[in-house]
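Here is the structure we will look at, set down as structure tokens.
As a basis for the values below, the full set of heavy atoms in this structure was taken, side chains included, without hydrogen atoms, waters or symmetry mates. Just so it is clear: chains get the letters A, B, ... in the order the sequence lines come, proteins before strands, and each one is counted from 1. The structure displayed is predicted, hence computed values, not measured ones.
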2 protein chains.
Amino acid sequence: MKREITTGVRSATAAGRRQAPLAAVVPSFPLPFTTVDVVIFTVLDNNLSVLLVQRPDNRDEPFPKAWALPGGYVDIGRDEDLAACARRKLFEKTAVVSPYLEQLGSWGSANRDPRGWSATHVYFALIPSQGLALAKGANAADVGWSQVDQVLKRHRLAFDHEAILRAAVERLRSKVEYTSLPAYLVEEPFTLPQLQRTYEVVLGRSIDKSGFRTRMLAADFLDEAGYVEGESNRPAMGYRVRDRAVPVVFPRTFSPRHQE
Amino acid sequence: MKREITTGVRSATAAGRRQAPLAAVVPSFPLPFTTVDVVIFTVLDNNLSVLLVQRPDNRDEPFPKAWALPGGYVDIGRDEDLAACARRKLFEKTAVVSPYLEQLGSWGSANRDPRGWSATHVYFALIPSQGLALAKGANAADVGWSQVDQVLKRHRLAFDHEAILRAAVERLRSKVEYTSLPAYLVEEPFTLPQLQRTYEVVLGRSIDKSGFRTRMLAADFLDEAGYVEGESNRPAMGYRVRDRAVPVVFPRTFSPRHQE
DNA sequence: GTAATAGTGTCTCTAAGACACTATGCT
DNA sequence: AGCATAGTGTCTTAGAGACACTATTAC
């Protein structure tokens, strides 16, 4: 988490395409801090879980020992853009390379960080839990998965990270109602019952089996990948998503009867 | 657009609630620039339109004379948070106080601004066109409404504002399929035919009258406000939205048959 | 009366919800 | 055989789409 001091001048490469390039500008007014935070979700033991890191036990740092979302300052020397910065922070914690990554929004205000006016750009990532080994970086003890429900009930997260986590969960749940996002939370090949359990874990309620299967198969985004044994007595068909780049959008939400 | 030089120290007020307040920090590494841009939509003469400002004709400024979205640097002395900054910029251009304002996302990279690494937080606003007088500030000639379709076809906007505008239009169109957002684009009281025309203008296609009326009235978010005459031969019932704070979400999109 | 727009009624279709049913493999 | 889980079929319902119909005003 410690940020190295970079001494380079602002780079203005490849800019100003239709005019003479302008020199990088040294600002004459104070700038906000710019950070990127990542809300990394997975499903662990049938619980929606989020990756948290513990802040250093150092009185000079804000929120010492408190748990926080992984993130940190944008490094204008290393990060080409915001998404690259988010991918870097994700990889540093999980060694996962190409997950589902979506921009959630930004939070910026005078007092969210005691060190001064700061704005954070927040991304959320979905990764399957199997085969996941947290990066054994400097401080593995400071990183861990927590159940989202527990975190929102008990812990007090650093900064405004509780509000950010709530927004991320809300966005995830609402999109899960009409997209195939949970397919990014299970290892391939997965069976339809496994996928359905993932939906149910994220949504926190059960879904009718018949309707679920009809919807998934009618959307025509899954390829059969042979029977998978061992999950239960009867083997089930395994599936892979045809195009992992784009999640599928269904024409309706689940359970429109209960929602306004 | 000229930014005054502010000399104040970073404020750390009301921060560090559960610990001794930390002093504001002077950064030891270069920071990106932080800006806020606003995509302001209205419907003008049955065309979805966006407010653009012309950049100064000054060789020292990037993209001189090019059209751009209204926006600028966050002023950490004046702007309490990002949304307040967006509201300020909206008011400076349109004198509109409390429109529909939603965060669209953020764009940040090393080369989107030739002056250096910058990140912009983008909001989009919906305002009714009637009774709208552009703020007669310093430079009224530099501000104006443009049809979105024309802008995306002909103009070359400054910075990455064309990509931002495309994202804003995409977000608006997709939300209009299943929300009451167009109600923010017409002056109250409005008739259902007026509202339907607004939907059709934003979506760029016609909608069946019967289904439209059924959906709007079944959602139970409109209050009758007496008959409105003069719009056509036959007077039509005028409506006001019951709660302007929250748009209505419909259970399905329009025309699910044609979309994937 | 006609023209123009406001507003309604009817029929069909899609896809979800509920739930009973069959199928397959383990012990 | 009995159990657990995989997978199917059938009936109902909500709400959209298409489109024909009636209603009210100006001229």
Give the B/S/- string for nucleotides 20-27 of chain D, one per nucleotide from 5' to 3', where a protein heavy atom under 4.0 Å of the base yields B, of only the sugar-phosphate yields S, and otherwise -.
-> ---BBBS-

Would you mind reporting whether Arg242(A) and Asp220(A) have side-chain heavy atoms less than 4.5 Å apart?
->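 Yes, at least one pair of side-chain atoms sits under 4.5 Å.
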
Is any side-chain N of the basic residue among Arg173(B) and Glu177(B) closer than 4.0 Å to the acidic one's carboxylate O?
->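 The answer is no: the pair does not qualify as a salt bridge.
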
In plain terms, say whether Glu170(B) and Arg166(B) are close enough for a salt bridge, that is, a side-chain N and a carboxylate O under 4.0 Å apart.
->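 So Glu170(B) does not pair with Arg166(B) through a salt bridge.
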
Between the base of dA14(D) and the side chain of Arg252(B), is there a donor-acceptor distance below 3.5 Å?
->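 Answer is yes: a donor-acceptor pair is held.
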
Does atom CG of Asp45(A) have more than 12 heavy-atom neighbours from other groups under 6.0 Å away?
->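 Counting other residues, nucleotides and ligands, CG of Asp45(A) stays at 12 neighbours or fewer.
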
Output the rounded distance in Å from [atom1] ([X]) to [atom2] ([N]).
| X | N | atom1 | atom2 | answer |
| --- | --- | --- | --- | --- |
| Gln196(A) | dG7(D) | CD | P | 11 Å |
| Tyr227(B) | dA6(C) | OH | C1' | 9 Å |
| Asp208(B) | dT12(C) | CG | C1' | 13 Å |
| Phe250(A) | dA16(D) | CZ | P | 20 Å |
| Leu217(B) | dA6(C) | CG | C1' | 12 Å |
| Arg215(A) | dT14(C) | CZ | C1' | 13 Å |
| Arg197(B) | dA4(C) | CZ | C1' | 12 Å |
| Tyr199(B) | dA16(D) | OH | P | 11 Å |

Would you check if there is a donor-acceptor pair between the side chains of Tyr100(B) and Glu102(B) at a distance under 3.5 Å?
->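 Result is yes, a qualifying pair exists.
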
Taking OP1 and OP2 of dA6(C), is either one under 4.0 Å from a side-chain nitrogen or oxygen of Arg213(B)?
->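 For Arg213(B), the contact criterion (side-chain N or O under 4.0 Å from OP1 or OP2 of dA6(C)) is not met.
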
Listed by chain and number, what are the ring-ring contact (aromatic ring centres under 6.0 Å, His included) partners of Phe221(A), not counting sequence neighbours?
->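 By the ring-ring contact (aromatic ring centres under 6.0 Å, His included) rule, Phe221(A) matches no residue at all.
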
